[in-house]
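Working notes, structure below.
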Protein chains: 2
Amino acid sequence: MVLGARPPWGALAAAVVSEPALDSLIDALRRLPGIGEKSARRMALHLLQHDRSGAQRLAMALQAAVANVRHCARCHTFTESEICGICADARRDARLLCVVETPADQAAMERTGSYDGFYFVLMGRLSPLDGIGVHDIGLQALLDRAGEPEVEEVIVATNFTAEGEATAHAVSEALKARGRHVTRLSRGVPVGSELEYVDLGTIAHALVDRR
Amino acid sequence: MVLGARPPWGALAAAVVSEPALDSLIDALRRLPGIGEKSARRMALHLLQHDRSGAQRLAMALQAAVANVRHCARCHTFTESEICGICADARRDARLLCVVETPADQAAMERTGSYDGFYFVLMGRLSPLDGIGVHDIGLQALLDRAGEPEVEEVIVATNFTAEGEATAHAVSEALKARGRHVTRLSRGVPVGSELEYVDLGTIAHALVDRR
């Protein structure tokens with residue numbers, strides 16, 4: 001093989017193909033959650049090689065979303081109006097208020113088709129290590145909303161993770177201190193599962209919360 | 001529980017929170033390779049909630065890349081100039097031409113620090129099932145480039161996958177038919193591995209290609 005006498009990992013390799021526009025795109029894609037260097041590079045090359053119209057569409061969608069999407073004045077979820085579609089729906093049951101962490105959790109609740117009350121979306125969860133406290137999840141706004149006279153029950157539906165449980169605890173205590181009736185989604189064995197394969201903590205909770 | 005009498009999966013769930021700007025963003029993100037519905041939603045919510053400056057930066061990076069990144073006139077890799085940095089580098093060994101599938105493969109070759117010739121980047125591989133034939137990988141341009149008088153050896157470094165091997169075969173045959181000296185990266189046992197754990201096909205190839 002006719003190979004150069006340069007040392008491995010030499011200056012040549014470092015001086016390689018640095019294209020500012022491509023590198024900026026890879027850097028910007030890396031800021032997406034769950035995307036590392038290799039995925040970002042693969043996405044950038046894919047867009048430039050096979051889907052330039054998709055790249056332009058994504059650029060415009062990003063700008064439109066940043067310009068138009070804001071928080072619902074009542075429930076804090078994302079909306080393009082002053083009040084989101086659910087909060088504006090007079091057919092829903094105003095006696096129920098369900099507290100969830102994110103719009104994705106809200107969407108999961110909606111997909112069950114078993115709930116027709118209103119929501120309050122915390123847009124996060126308590127996470128002291130990340131510096132996210134009660135102010136960041138809009139606790140005062142929730143207390144104001146839950147204090148409206150037609151609300152009879154606040155259902156706390158934060159996730160059943162450590163942070164979600166801590167958030168549920170803080171939210172529930174604050175609501176109870178103001179005399180609100182607070183419930184929590186039940187913990188238990190998932191539908192369709194066999195006890196043998198369910199983790200012990202879940203079985204223990206299902207036993208404690210037995211009906 | 002005070003729950004509505006609506007049927008599960010009813011009309012209410014279907015009528016839920018459809019926000020056009022948010023939905024467009026999720027759709028656009030889903031077109032990225034390897035990104036499904038849930039990841040796209042998570043990315044969109046993350047950008048809008050925690051990183052609007054990142055969203056704007058990504059939008060601008062996409063537009064700049066689409067506007068400025070094109071193919072090098074000599075090697076077909078991505079560049080913002082007429083000729084890419086490697087092709088423009090007079091210190092490199094003009095006797096060697098290495099054929100790779102993608103800019104990522106080219107970057108891997110460069111990182112070894114063991115090669116200082118030029119490249120030809122196919123920007124793809126033969127894939128009849130996807131309708132990608134010899135025209136799409138720029139075979140004629142490669143033949144022209146390899147036909148330049150200073151080129152003494154063409155090293156085919158396509159991937160060692162089924163499609164990469166088929167591409168190597170087609171490229172090699174076309175080059176040999178024009179009297180070019182063609183070599184292929186050697187197949188063999190990866191550095192640092194124990195024979196016991198190497199797959200049989202690799203060992204068989206290492207045996208055939210023994211030095």
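Reminder, nothing fancy here: chain letters follow the sequence lines and each chain counts from 1.
Ionic pairing of B:E173 and B:R178 is not present here: no N-O contact between side-chain nitrogen and carboxylate oxygen is shorter than 4.0 angstrom. Contact check on A:E153 versus A:R180 returns no salt bridge, with no Lys/Arg side-chain nitrogen under 4.0 Å from an Asp/Glu carboxylate oxygen. Residues A:R92 and A:D116 are not paired through a salt bridge, judged by the lack of any N-O separation under 4.0 Å between the basic side chain and the carboxylate. A salt bridge does not link A:E82 with A:R74: none of the charged nitrogens is closer than 4.0 Å to a carboxylate oxygen.
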List the atom pairs, donor and acceptor, that lie under 3.5 Å between side-chain atoms in residues 119-134 of chain B and the rest of the protein, sequence neighbours left out.
residue: B:Y119; atom: OH; partner: B:E110; partner atom: OE2; Å: 2.4
residue: B:R125; atom: NE; partner: B:E101; partner atom: OE1; Å: 2.5
residue: B:R125; atom: NH2; partner: B:E101; partner atom: OE1; Å: 3.2
residue: B:S127; atom: OG; partner: B:D130; partner atom: OD2; Å: 2.8
residue: B:S127; atom: OG; partner: B:E163; partner atom: OE2; Å: 3.0

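Because its NZ or CZ atom is not both nearer than 6.0 Å to the ring centre of A:F118 and within 45° of the ring axis, A:R95 does not count as a cation-pi partner of that residue.
When each of A:H71, A:E80, A:Q56 is checked for heavy-atom pairs under 4.5 Å with chain B, A:E80 comes out on top. Across A:L22, A:N68, A:T79, the residue that shares the most heavy-atom pairs under 4.5 angstrom with chain B is A:T79.
Residues of residues 25-55 of chain B that come within less than 4.5 angstrom of chain A, heavy atom to heavy atom, are B:L25, B:D27, B:A28, B:L29, B:R31, B:L32, B:P33, B:I35, B:R41, B:R42, B:M43, B:L45, B:H46, B:L47, B:L48, B:Q49, B:D51, B:R52, B:S53, B:G54, B:A55 in numerical order.
Side chain of A:R145 to backbone of A:Q140: no donor-acceptor contact under 3.5 angstrom is found.
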